[in-house]
Amino acid sequence: MPEATRRLEARLSELAGAPVELERPSDPAHGDYATNVALQVAPASGKGPRELAEELAAAATGMAEVERAEVAGPGFVNLWLAPSWFEEALGEMLEAGADYGCGWAVPHERVQVEMVSANPTGPLTVASARNGAIGDSVARLLAFAGHQVEREYYYNDSGAQVERFRASVDAIRGGEEPPEDGYRGEYVAELAREESDPVATMLKQIEATLERFRIHFDSWALQSELETRLPEFLPKLDTYEKDGALWARSSAYGDDEDRVLIRSPEQGGAPTYRAADVAYLVDKLERGFDRAIYVLGADHHGTRKWYGAIARMLGYDPERIEVLIYQLVHLTSGGRQAKMSKRRGDVVFLDDFMDEVGVDAARWYLANRGPDQTIEIDVDLAAERSEKNPVYYVQYAHARIAGILRNAGGAASNSLLQGRAPEPEERGLVKRLAEFPGIAAEATERRGPQGVPNYAIRVADDFHRFYHHHRVLESDAQAFRLGLCRATQSVIARCLDLVGVDAPERM
RNA sequence: GCGCCUGUAGCUCAGGGGAUAGAGCGACGGCCUUCUAAGCCGUUGGUCGGAGGUUCGAAUCCUCCCAGGCGCACCA
């Protein structure tokens with residue numbers, strides 16, 4: 001929020017005796033900013049809301065940033081901003097440049113975001129892609145907010161699934177069919193033709209796919225390695241034996257049920273995945289992360305409370321553990337639906353999806369929707385490289401601005417109106433850009449990136465409208481409009497970057 | 001049966017207490033000798049699943065009901 005707005009809010013808050021949050025009304029007839037504070041405070045003050053609103057409006061009229069103030073409806077105060085507000089706000093953005101809206105978080109934390117973490121038993125699917133798109137965008141938002149962020153991939157290289165996978169490859173190598181509960185598909189046959197360890201090959205392939213998807217991992221954690229540290233942690237847990245197995249009494253610490261840590265002898269006596277979870281959680285926290293975020297698909301939501309429970313059991317502050325759940329993804333093409341399951345032939349792999357729609361559209365469509373929504377992506381629309389596709393609409397605004405700036409050569413850009421009143425399209429655009437820090441902060445705190453791309457569409461709307469109505473170069477307002485272009489370009493580039501989409505100079 | 005998520009325009013979805021509920025796609029109609037028409041402008045289209053409740057004010061918060069998705073392993 002611009003400093004000028006903060007000043008306004010502070011002074012109005014003092015007058016009203018309650019915190020004022022200026023909001024942007026949807027109807028332009030209601031001014032540039034509005035506040036409902038009179039409605040909220042009136043019951044306690046003994047005055048009528050209209051009367052209070054009148055007092056606030058009268059006081060606001062005298063403020064330098066305010067051109068005009070009105071009372072409307074049951075007691076809203078509507079404000080129209082003075083030219084000086086637009087100059088100051090744009091000036092702030094230009095001064096901040098690419099850093100506009102960053103670094104607001106206090107205190108800065110060390111945060112680990114663990115994401116994707118798919119078993120290395122097959123290529124990544126679109127379901128894992130949503131995990132990555134959300135996790136990576138949240139990581140980017142956290143870093144933008146000022147936190148120190150590390151991305152980690154945790155892979156299971158020692159459980160029953162991996163053994164089944166290896167057995168399937170070995171079977172084909174021996175000229176047999178994979179076992180009934182094994183893995184099939186083209187990629188299994190391909191791995192069987194190579195000599196290398198299929199798990200290692202899969203991991204390499206997964207990393208390459210993720211790099212292509214623009215997710216870079218700082219570290220990779222192995223389940224087998226963490227399991228070796230179990231003897232260190234098991235005695236610290238609240239456990240009991242039942243039916244020959246060792247159980248964690250997690251239900252006493254907020255989990256829905258108790259979980260088996262060590263299988264009974266009849267089941268092989270090996271540690272479960274849950275046991276490795278314990279070692280991993282301690283490992284994360286002991287490595288010094290203030291916060292550890294797990295990104296899990298809805299099919300794992302049953303274990304959501306487990307992580308907090310073991311933190312509590314081991315005496316750590318459970319607030320340091322966060323579990324982000326996202327719902328499933330369906331793809332449609334020509335009205336038909338593809339279901340994703342790694343063991344069947346009709347899966348949609350992330351690489352195929354990127355081939356089909358491009359990396360930009362893939363990232364866009366997977367970050368575009370709230371994590372709580374089960375989403376359906378129309379592959380045909382996502383693949384369309386045209387005006388129908390919002391991702392290109394936004395990129396086009398960026399490229400258009402790049403074109404103007406190229407044509408401008410080194411012409412001066414600033415935030416000075418030189419006594420001119422800003423045009424409606426200029427007002428709209430500056431106000432829109434002023435929303436950006438709030439949008440980024442809200443997306444970060446909600447751990448949901450979807451607000452960013454949706455906001456970027458609004459910025460592109462406002463820019464295209466401004467562009468259509470006003471000339472930038474060789475106009476009387478050239479320097480101001482070039483400044484506006486620069487600020488817009490930088491906000492669009494940042495929005496796209498936060499969801500892992502490129503901002504092209506030309507299209 | 002229990003738990004989590006969801007139900008908003010024909011379709012896919014924004015919307016996390018405010019004024020007349022928005023966008024994209026779809027459908028229909030205008031605008032290119034001017035910095036990129038991947039653009040702009042307009043029309044069409046909604047009992048916000050239902051019923052109660054809280055509030056000056058509810059798509060938004062609470063309760064119940066209905067419908068759908070996902071879980072409820074000594075798989076992960």
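Quick caveat: nothing in here was measured; it's all calculated off a predicted structure. Protein chains get the first letters and strands the later ones, always in sequence-line order, with residue 1 at the start of each.
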S.K.: Heavy atoms only, 4.0 Å cut-off, all strands: where does A/Asn389 land among base, sugar-phosphate and nothing?
M.R.: nothing

S.K.: Tell me whether A/His30 is stacked on the nucleobase of B/A19, counting only the six-membered base ring and applying the 5.5 Å and 30° thresholds.
M.R.: yes

S.K.: If you check every side-chain atom of A/Pro390, which of B/C70, B/C40, B/G24 has the closest atom?
M.R.: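 Closest of the options to the side chain of A/Pro390: B/G24.
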
S.K.: Write down the distance between CZ (A/Arg259) and P (B/A73), rounded to a whole number of angstrom.
M.R.: 9 Å

S.K.: Can you tell me, in whole Å, how much space there is between the P of B/C64 and that of B/C2?
M.R.: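 The answer is 11 Å between these two P atoms.
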
S.K.: Taking only the side-chain nitrogens and oxygens of A/Arg465, find out if one of them lies under 4.0 Å from OP1 or OP2 of B/C41.
M.R.: yes

S.K.: Salt bridge or not for A/Glu435 and A/Arg432, using N-O below 4.0 Å?
M.R.: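 A salt bridge is present here (some side-chain N lies under 4.0 Å from a carboxylate O).
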
S.K.: So A/Glu505, base contact, sugar-phosphate only, or nothing? Heavy-atom distance under 4.0 Å.
M.R.: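 Answer is base: heavy atoms of A/Glu505 come under 4.0 Å of a base.
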
S.K.: Find the partner of B/G39: check Watson-Crick (N1-N3 plus N6-O4 or O6-N4) and G-U wobble (N1-O2, O6-N3) distances, both under 3.5 Å, and reply none if neither fits.
M.R.: B/C31

S.K.: If you measure from the Lys or Arg side-chain nitrogens to the Asp or Glu carboxylate oxygens, is any gap between A/Arg447 and A/Glu445 under 4.0 Å?
M.R.: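 Salt bridge flag = no for A/Glu445 with A/Arg447.
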
S.K.: What distance, rounded to whole Å, do you find between the two C1' atoms, one in B/A9 and one in B/G71?
M.R.: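 Comparing C1' positions in B/A9 and B/G71 gives a spacing of 32 Å.
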
S.K.: Let's test this: given Watson-Crick or G-U wobble pairing with both distances under 3.5 Å, identify the partner of B/C4.
M.R.: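 Its partner is B/G69.
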
S.K.: Is A/Ile262 touching bases, backbone alone, or none of the nucleic acid, heavy atoms closer than 4.0 Å?
M.R.: nothing

S.K.: With heavy atoms under 4.0 Å as the rule, sort A/Asp258 into base, sugar-phosphate or nothing.
M.R.: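 Answer is nothing: A/Asp258 stays at 4.0 Å or more from every strand.
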
S.K.: Heavy atoms under 4.0 Å, any strand shown: does A/Gly269 hit a base, just sugar-phosphate, or nothing?
M.R.: nothing

S.K.: For A/Asp378, answer base if it contacts any base atom (sugar-phosphate contacts may also be present), sugar-phosphate if it contacts only those atoms, and nothing otherwise; contact means non-hydrogen atoms under 4.0 Å.
M.R.: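 Touches nothing.
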
S.K.: Cationic tip of A/Arg494 within the cone over A/Phe436's six-membered ring, i.e. under 6.0 Å and within 45° of the normal?
M.R.: no

S.K.: Do A/Lys284's NZ or CZ and the ring of A/Tyr154 fall within the cation-pi criteria of under 6.0 Å and 45°?
M.R.: no

S.K.: Just by distance, with hydrogens left out, do A/Gln478 and A/Glu474 show a side-chain donor and acceptor under 3.5 Å apart?
M.R.: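 No - no donor-acceptor pair under 3.5 Å links their side chains.
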
S.K.: Looking at B/A23, B/G39, B/C75, which one has an atom nearest to any side-chain atom of A/Thr272?
M.R.: B/C75

S.K.: Below 3.5 Å, does any donor atom in the side chain of A/Asp277 face an acceptor in the base of B/A76, or the other way round?
M.R.: no

S.K.: Under 5.5 Å centre to centre and under 30° between planes: does that hold for A/Phe76 and the six-membered base ring of B/A19?
M.R.: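 The base of B/A19 is stacked with A/Phe76 (centres under 5.5 Å, planes under 30°).
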
S.K.: Rounded off to whole Å, could you give me the CG-to-C1' distance for the A/Leu246 and B/C74 pair?
M.R.: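 Taking CG of A/Leu246 and C1' of B/C74, I get 11 Å after rounding.
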
S.K.: Quick check, are the ring centers of A/Tyr393 and A/His464 under 6.0 angstrom apart?
M.R.: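 Under 6.0 Å, so yes.
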
S.K.: Between B/G42 and B/C5, how far apart are the P atoms? Round to whole Å, please.
M.R.: 40 Å

S.K.: Hey, does A/Ala399 reach any base, or is it just sugar-phosphate, or nothing, if we go heavy atoms under 4.0 Å?
M.R.: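 Touches a base.
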
S.K.: B/C5 phosphate, OP1 or OP2: any side-chain N/O from A/Arg304 under 4.0 angstrom?
M.R.: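 Answer no for this pair, as no side-chain N or O of A/Arg304 is under 4.0 Å from OP1 or OP2.
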
S.K.: Tell me what A/Gln267 touches on the nucleic acid: a base, only sugar-phosphate, or nothing, going by heavy atoms under 4.0 Å.
M.R.: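 Base, at least one base atom sits under 4.0 Å.
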
S.K.: When both hydrogen-bonding distances must be under 3.5 Å and the geometry is Watson-Crick or G-U wobble, what is B/A21 paired with, if anything?
M.R.: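 In the structure as shown, B/A21 has no Watson-Crick or wobble partner.
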
S.K.: Under 4.0 angstrom, heavy atoms only, what part of the nucleic acid is A/Ala298 near: base, sugar-phosphate, or nothing?
M.R.: sugar-phosphate

S.K.: Indicate syn or anti for B/C31, taking the glycosidic torsion and treating anything within 90° of 0 as syn.
M.R.: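 Nucleotide B/C31 adopts anti.
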
S.K.: Check this for me, if you would: do A/Asp476 and A/Arg420 make a salt bridge, where the nitrogen-to-carboxylate-oxygen distance has to be below 4.0 angstrom?
M.R.: no

S.K.: At 4.0 Å (heavy atoms only), tell me whether A/His300 reaches a base, stays on the sugar-phosphate, or touches nothing.
M.R.: base

S.K.: In terms of the nearest nucleotide of RNA chain B, which residue is placed more toward the 5' end: A/Asp27 or A/Ile325?
M.R.: A/Ile325

S.K.: Would you measure the distance from the C1' atom in B/A14 across to the matching atom in B/G53 and give it in whole Å?
M.R.: 28 Å

S.K.: Select base, sugar-phosphate, or nothing to describe what A/Arg458 touches, counting heavy atoms under 4.0 Å on all strands.
M.R.: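 Result for A/Arg458 = sugar-phosphate.
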
S.K.: B/A38, B/C4, B/C13: which one has an atom nearest the side-chain heavy atoms of A/Glu387?
M.R.: B/A38

S.K.: Applying a 4.0 Å non-hydrogen cut-off, can you work out what A/Arg274 is touching in the nucleic acid: base, sugar-phosphate, or nothing?
M.R.: base

S.K.: With both distances under 3.5 Å as the test, what is the Watson-Crick or G-U wobble partner of B/A9?
M.R.: none

S.K.: Considering just the side-chain nitrogens and oxygens of A/Gln373, establish if one lies under 4.0 Å of OP1 or OP2 belonging to B/G7.
M.R.: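 So the side-chain polar atoms of A/Gln373 do come within 4.0 Å of the phosphate oxygens OP1 or OP2 of B/G7, strictly under.
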
S.K.: Which of the following nucleotides, B/C25, B/G71, B/A23, is nearest to the side chain of A/Lys388?
M.R.: B/C25

S.K.: If we check side-chain hydrogen bond (donor to acceptor under 3.5 Å, both in side chains) with A/Arg458, which of these qualifies: A/Asn454, A/Asp462, A/Asp461?
M.R.: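 With A/Arg458 as partner, A/Asn454, A/Asp462, A/Asp461 yield a single side-chain hydrogen bond (donor to acceptor under 3.5 Å, both in side chains), made by A/Asp461.
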
S.K.: C1' atom, B/G45 versus B/U6: distance in rounded Å?
M.R.: 24 Å

S.K.: Any idea which of B/C74, B/U20, B/C13 is nearest the A/Arg263 side chain?
M.R.: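 Between B/C74, B/U20, B/C13, the one nearest the side chain of A/Arg263 would be B/C74.
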
S.K.: Quiz question: going by heavy-atom distance under 3.5 Å, is there a donor-acceptor pair between the base of B/G16 and the side chain of A/Arg446?
M.R.: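 Between B/G16 and A/Arg446, which were checked side chain against base, a qualifying N/O pair under 3.5 Å is present.
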
S.K.: Between B/A38, B/C13, B/C74, which nucleotide gets closest to the side-chain atoms of A/Met507?
M.R.: B/A38

S.K.: Quantified in whole Å, what is the C1' atom distance between nucleotide B/G16 and nucleotide B/G22?
M.R.: 16 Å

S.K.: Once hydrogens and angles are ignored, does a donor-acceptor distance under 3.5 Å link the base of B/C74 to the side chain of A/Ser264?
M.R.: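 It does, because a donor-acceptor pair links the side chain of A/Ser264 to the base of B/C74 below 3.5 Å.
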
S.K.: Nearest to the side chain of A/Ile457, which nucleotide is it out of B/U6, B/A23, B/C13?
M.R.: B/A23

S.K.: Is it true that A/Arg164 and A/Asp181 have a side-chain N and a carboxylate O under 4.0 angstrom from each other?
M.R.: yes

S.K.: At 4.0 Å (heavy atoms only), tell me whether A/Ala408 reaches a base, stays on the sugar-phosphate, or touches nothing.
M.R.: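 Contact class for A/Ala408: none.
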
S.K.: Would you measure the distance from the C1' atom in B/U33 across to the matching atom in B/U12 and give it in whole Å?
M.R.: 41 Å

S.K.: Write down the distance separating the P atoms in B/A73 and B/G57, rounded off to the nearest Å.
M.R.: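 The same atom, P, in both gives a distance of 47 Å.
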
S.K.: When you get a sec, tell me which of B/G71, B/C41, B/C75 is the closest nucleotide to the side chain of A/Ala160?
M.R.: B/C75

S.K.: Taking the inter-plane angle between the rings of A/Tyr307 and A/Tyr294 on a 0 to 90° scale, is it parallel (under 30°), tilted (30 to 60°) or perpendicular (over 60°)?
M.R.: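 The arrangement is tilted - the two ring planes meet at 30° to 60°.
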
S.K.: In the structure shown, which nucleotide is the Watson-Crick or G-U wobble counterpart of B/G46, with both distances under 3.5 Å?
M.R.: none

S.K.: Check this one for me: any side-chain N or O of A/Gln223 less than 4.0 Å away from OP1 or OP2 of B/A76?
M.R.: no

S.K.: Does any N or O donor sit under 3.5 Å from an N or O acceptor when you compare the side chain of A/Gln161 with the base of B/C75?
M.R.: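 Indeed, a donor on one side and an acceptor on the other fall under 3.5 Å apart.
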
S.K.: So which nucleotide from B/A38, B/A76, B/C35 ends up closest to the side chain of A/Tyr392?
M.R.: B/A38

S.K.: Indicate, with a heavy-atom threshold strictly under 4.0 Å, whether A/His470 touches base, sugar-phosphate, or nothing.
M.R.: base

S.K.: Could you tell me which nucleotide pairs with B/U63 by Watson-Crick or G-U wobble geometry, both distances under 3.5 Å, or answer none if nothing does?
M.R.: B/A51

S.K.: Do A/Asp299 side-chain and B/G71 base share a donor-acceptor contact under 3.5 Å?
M.R.: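 Result: no qualifying N/O pair found.
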
